[in-house]
Amino acid sequence: MALLLLPMVGYMSANSLVEESKMRGSSLATSLAVRAVDPILARDFLRLKNMVDEQSRVEDIVYAFVQDKSGHVMAHTFQRRFPVDLLTANGLAEDGKLHIQLLEDGSRRMYDFAVPVQVSDGQLGVVRIGLSTARINRSVQHQITLMAGLFAGALIIATSIGTYFARRVTVRLGLLRAHAEEMLTGNLNIQSSPAGGVHCWERRNCELTECPAHGETRRRCWYIAGTMCPDCDNESNFQCRLQSCRVCSVYRQNAGDEIQDLAETFDVMAVSLKTHINELRSADRSLRDQQRLMRTILDMTPDRVSLMDATMRYQACNKGFADSVGVSIAEVVGKTDFDLFYEGEAEERHMAARDILQSGRRIDTQIQIKGEGSQRWFHVVCVPVLDADGRIDGLLRTDRDISDIKGYENQLIQAQKMESLGLLAGGVAHEINTPLGIILGYSQLLQEDVDAGGQMYDDLVIIEKQTKVCKKIVADLLGFSRQTDSAKREMCFNNSVLEAVSLVRHTFKLDKVNILTEMDDRYPIIYGDPEKLKQVWINLLTNARDAMGVDGGTILIRTKLDTPAGIVSVWVADCGVGISKDKLKNIFDPFYSTKAVGQGTGLGLSVSFGIIEDHDGEIVTMSPLPEGFGFPECDGACGPGTVFEINLPLDHQSRDGSTEA
Amino acid sequence: MLAVMAFALIGCSDEDAVTVDLSKRENLVAPRQVEAITYAYLPQYSHTISYQRHRQLLEYLRKATGVPLRQIFPDTFDEHIKMVERGEIDISYSNPFVYTRLAEVGATAFAGIVEPSGHPDFQGQIICRADSPDLKTIEDCRGKRWIAVDPESAGGYLFPLGLFFDNNINVSDFETVDFAPGPGGKQEKVVLAVHAGAFDIGTIRKGTLDVVAGKINLDDIRVLAQTRLYPGWVYAARKGLDPEVVQAIAHAMFALNYRREPDREILSSAGMHGIIPVQDSDYDPVRELVGKLGLDQ
C-alpha cells in the first residue's frame with residue numbers, strides 16, 4: 001500500500017509545493033505592482049530600479065522588471081541589456097489579471113508572473129517576475145526523500161506490528177484448524193477455547209446442582225440452554241439470551257475476542273456433535289435390534305409374507321416367501337409377479353393385486369396351487385397399505401400353507417362319513433343277520449330232508465354257501481361298525497401271529513407263497529382280543545399274498561418287543577407289486593380296493609384299522625420296502641414290496657382310564 | 001526505489017513551457033514623451049490618491065477641450081512651486097497659501113473649487129485624541145506637542161497658526177512643532193500621528209477626517225477648534241501659458257454640473273462640489289494672514 005501511496009502522495013505534495021510557489025511568486029509580483037504605482041506616476045526610475053533590485057535579492061527570483069502602459073520597460077534587474085524574448089514570452093490574461101507562464105531557457109526553468117499595475121480601474125503598467133523552479137524542485141525532492149523515509153519507516157514498523165499480531169492470530173487459528181482436523185478423524189473430546197476463566201457456578205457460589213450449567217467446564221453458560229440462573233433470559237432465542245448476558249459480570253469477565261468466540265462455539269459444536277452422534281448410535285442400535293427382531297419374526301413364521309408397492313413391484317418379503325420362489329430376499333426387491341412365478345400363478349396374483357390397489361378391498365381366501373405331482377392349499381390374506389394421506393400405497397400379502405389342515409379336514413370329513421356309514425351298515429347288518437341265520441338254518445334243515453346228490457340238494461348247498469358269504473359280509477360290516485363286542489384278555493402276541501400263519505401257510509404254499517417268521521423270542525404278552533387280532537394278521541397275510549403274481553413270492557413276518565417304549569411291533573412284508581403313493585392314503589378307506597370285482601370287498605384293511613385302533617395301536621404302511629429292512633431274497637415276484645407295521649401298547653389303557661395288566 | 005518512483009511520477013508534469021532565449025539582448029530606449037499641457041495637484045495626498053482623484057477630471061478635460069493634458073506628480077510643496085516657476089507645471093491645483101507663492105512667480109488664478117460642503121471656502125481644524133482630558137480649549141494647547149501638515153499647508157498649518165496667533169500663542173509656546181514626514185499623504189499622517197498618541201494636537205484641513213474614516217475609528221479623535229473660513233483651493237496657470245488654452249480649460253471646468261450624473265462622479269472623485277471662476281484678489285485674506293504671521297519675508 002505504501003508503494004502505491006508514496007508516488008501519489010509525492011505527486012500531490014509536489015503539486016502543492018508548486019502551487020505554493022506560484023502563490024508566493026504571485027504575492028511578490030502583486031506587492032511589487034502595488035508599490036510601483038507611485039514611482040510610475042512620478043516616473044521615478046530610481047525608485048523603480050531599487051524596487052526590482054530588491055526582488056532580485058530574493059534567492060530564487062531570476063529577474064524582475066516593470067513595464068509602463070505602452071509596454072516600455074521602465075526598470076529591470078538585468079545587468080546590461082534586456083533579453084527581448086521576455087517581452088513576448090508572457091503577458092496579462094485576457095481579463096487583464098495575473099497570468100503565470102512556465103518558461104524554459106535551455107538550462108533552467110522558471111515561472112513568469114505578469115501582474116497589472118492598477119489604480120482603481122486604470123492600468124499604469126505591468127510587473128513581471130521570474131521565479132526559478134530549481135528551488136521548488138529541491139524542496140520537492142527533499143520532501144519526497146523525507147516522505148519516502150517516513151513511509152519506509154512506517155512500513156517497517158507496520159509490517160513488524162502486523163506480523164506480530166498476525167502471528168498471534170494465525171497461531172490461534174492454526175490451533176482451531178488442528179482441532180477441526182481432529183474432529184474430522186472422530187476425536188470430539190477436544191477443547192479449543194482457552195482453559196480457565198471463571199464459571200458462573202463458581203463465581204456465584206451457585207448451589208443449583210440441577211442447573212445444566214452447574215459443574216460444566218467445557219461450555220460457557222451462555223451457550224447452554226435452560227440454565228436456571230435468575231438473571232438469565234431463558235425464554236428467548238440464543239441472540240436475545242446473549243443480549244441479556246452482556247450485562248452479566250460473568251460474561252464480561254470471560255468474553256474474549258472474536259477468535260475466542262469462535263473457539264468456544266467450536267467447543268459447543270463438538271459437544272453437541274458428540275451428543276448427537278451418541279444419540280444417533282443409540283438410535284441406530286435400537287433400530288437394528290428392532291429390524292433384526294422384525295426380520296426374525298417374519299422369517300420364522302412359515303407364512304409367505306410379501307410387501308408390494310403401488311406399481312406392483314415387490315419391496316420386501318420374508319424368508320418363507322423368498323424360499324418359495326427360489327431366490328434370495330434381496331433379489332426379490334424390485335421384481336414383479338411375472339419375474340417370480342409361473343405364468344398362470346403370476347397372472348392370478350397380479351389380477352388380485354390390481355383389484356386390491358384399485359378397490360382397496362381386503363382379500364381373505366383359500367387357494368389351491370397345483371405343482372408337479374402335488375397340490376398345496378394356501379390361506380391368502382391380502383390387505384392394502386395406506387400412506388399418511390390415506391391413499392393406497394401398496395399391499396401386504398400373506399400366504400399360509402394349510403395343506404395339512406386341509407388333509408385333517410378331509411380326514412375328519414371321511415371319518416364322519418365312515419361313522420355315518422358304519423352306523424347305517426351296522427344297523428342294516430344287524431337286521432339282515434337274523435333272516436340270514438334263518439335262511440342258513442332252513443337250508444341246512446332242508447338238506448337233511450332231500451337226497452344228497454340230487455338237484456335239490458345241490459341247490460340247497462349253493463344257498464347255504466352263499467348265505468354264509470352274506471353272513472361273512474354282514475359280520476365284516478358289524479366289525480367295521482364296531483358293533484361286535486371285543487373280548488380282550490391277556491394273550492401271547494407271538495402265538496396270535498403264529499396261529500394265523502399256521503392257518504394260511506398251507507394254502508399259500510399252493511400259490512407258491514412262502515411265509516418266513518422272525519419272532520421275538522421273549523414272547524411278549526399283550527392285552528387284546530385274540531380272535532380279532534388273528535383276523536387282522538390273516539387279513540394282512542391275505543393282502544400280501546394277493547400282491548404277488550402268479551409266480552408267488554415270500555412273506556416275512558417279524559415281531560419285536562420294545563420294552564422301554566412299552567410297545568410290541570409286528571411287520572408284515574411282501575415282495576409284491578407294491579402300492580403307489582397316491583393310493584397309500586386311501587387304502588384304509590372302507591370299500592376301497594385295488595382288486596378286481598368279486599375278489600375283495602374293500603373292507604379288510606378298514607376293519608383291520610378299526611381293530612388296531614380299538615387296541616390303542618397304530619398301523620403304518622410303507623411301499624416300497626424301506627432300505628435296510630432286511631428282506632430275504634425273493635424267488636418269485638420281486639417288486640418293490642410293501643410292509644405293514646403294527647404297533648400295540650403293552651400296557652393297555654382302558655376306556656375308564658385305569659391301567660390293566 | 002520509492003523515491004525514484006515518486007520522482008518519476010512528479011516529472012510527469014502536464015505544464016507546457018515556453019522557450020525563451022535570455023542571451024538575445026538589446027538596449028532599451030524610452031520613447032519620447034508626447035508634448036502636453038502638464039497638470040499637477042499639490043501633493044497633499046499620495047501620488048496614487050492624487051491620480052485617482054483627478055484621473056476622471058483630466059480625462060474629461062482632454063475630451064472637452066482637445067488639449068493634450070498630462071498629470072505629473074511633484075513630491076513636495078516646494079518642488080511644486082519651483083516647477084511652476086520653471087514652467088514645468090502648466091496648470092497648478094494648490095491651496096490658497098501656495099497660490100499666493102505661485103502668484104508671486106507669475107501664476108494666475110483662473111478657477112476655484114466649491115468644497116464638498118457646498119461653499120467655495122474652507123477651514124482648518126485642531127484635533128486631539130478624544131481621551132485627552134487636559135485639552136479643552138485652545139489655551140490648553142500651550143506647551144503641547146504639535147504636528148502640522150507642512151509649512152506650506154494652508155488648512156493644515158497656516159490657518160491654525162493664525163488661530164493660535166489670535167489666541168496669543170506663538171510657535172515657541174509649544175513643546176515641539178513637527179511636520180508630517182515624507183512625500184504625499186501628509187494630511188492623513190497628521191491624523192494618524194495624533195491617533196497614535198505621538199503628538200498631543202494636530203492641525204489638518206477640514207474634510208481630512210472623512211478621508212481617513214476607513215483607517216481609524218473617528219470616535220477616537222476630537223476636534224478641539226476650527227479656524228475661520230478662507231478661500232478654497234485654486235487652479236492657476238503658469239506665467240506665459242497660452243490664454244486660449246487657459247480659457248478652454250476654464251470653460252470646460254465651469255461647465256461641470258454636480259447635478260448631472262457623469263459630472264457628479266468626476267467632481268466627487270476629485271473631492272469637489274463644483275468649479276467656479278475666481279480672481280487673484282479673492283485670496284487677499286490669505287495674504288493678510290501671511291503678513292500677520294510674518295511669513296512673507
For the atom pair CG (B/Leu28) and CE (A/Met74), what is the distance rounded to the nearest 0.5 Å?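 Result: 12.5 Å between the selected atoms.
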Is atom [atom1] of [X] surrounded by more than 12 heavy atoms (other residues, nucleotides or ligands) closer than 6.0 Å?
X	atom1	result
B/Arg260	CZ	yes
B/Arg264	CZ	yes
B/Arg259	CZ	no
A/Glu181	CD	yes
B/Glu261	CD	yes
B/Glu265	CD	no

Leading residue by heavy atom contact count with chain B [cutoff under 4.5 Å; candidates A/Asp68, A/Leu41, A/Asp105]: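 Max contact count across the listed options: A/Leu41.
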Given that the side chain runs from C-beta out, which part of A/Met110 has a heavy atom under 4.5 Å from chain B: side chain, backbone, both or neither?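 The side chain, not the backbone.
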Which answer fits A/Leu124, side chain, backbone, both or neither, if we ask what part of it has an atom under 4.5 Å from a heavy atom of chain B?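 Contact with chain B is through the side chain of A/Leu124 alone.
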Which residues from residues 48-62 of chain B are near chain A, with near meaning under 4.5 Å between non-hydrogen atoms?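 Hits under 4.5 Å: B/Thr48, B/Tyr51, B/Gln52, B/Arg55.
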Treating B/Asn27 as the side-chain partner and A/Arg81 as the backbone partner, does any N or O pair qualify as donor plus acceptor under 3.5 Å?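 Absent.
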Contact origin within B/Ile72 toward chain A - heavy atom pairs under 4.5 Å: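 Neither part.
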Write down the atom of B/Val20, the atom of A/Ala89, and the distance for their closest heavy-atom approach.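 Where B/Val20 meets A/Ala89 most closely, the heavy atoms are CG1-CB, 3.4 Å.
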Nearest atoms (heavy-atom pairs only) where B/His47 meets A/Asp38: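 It is CB-OD1, 3.2 Å.
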With heavy-atom distances below 4.5 Å as the criterion, would you say the side chains of A/Leu86 and B/Leu22 are in contact?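 They are in contact (side-chain heavy atoms under 4.5 Å apart), so the answer is yes.
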Would you say that A/Phe78 contacts B/Arg25 through its side chain, given a criterion of any heavy-atom pair below 4.5 Å between the two side chains?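 Yes, their side chains come closer than 4.5 Å.
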Only heavy atoms, only distances under 4.5 angstrom. Which residues in residues 21-36 of chain A are near chain B?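 Under the 4.5 Å heavy-atom cut-off, A/Lys22 qualify.
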Please determine whether side chain to side chain contact (heavy atoms under 4.5 Å, CB included) holds for the pair B/Lys24 and A/Val84, giving the CA-CA distance in whole Å, both sets of side-chain angles, and the decisive distance to 0.1 Å. CA-CA 7 Å; B/Lys24 193 168 75 179; A/Val84 290; 4.1 Å; yes
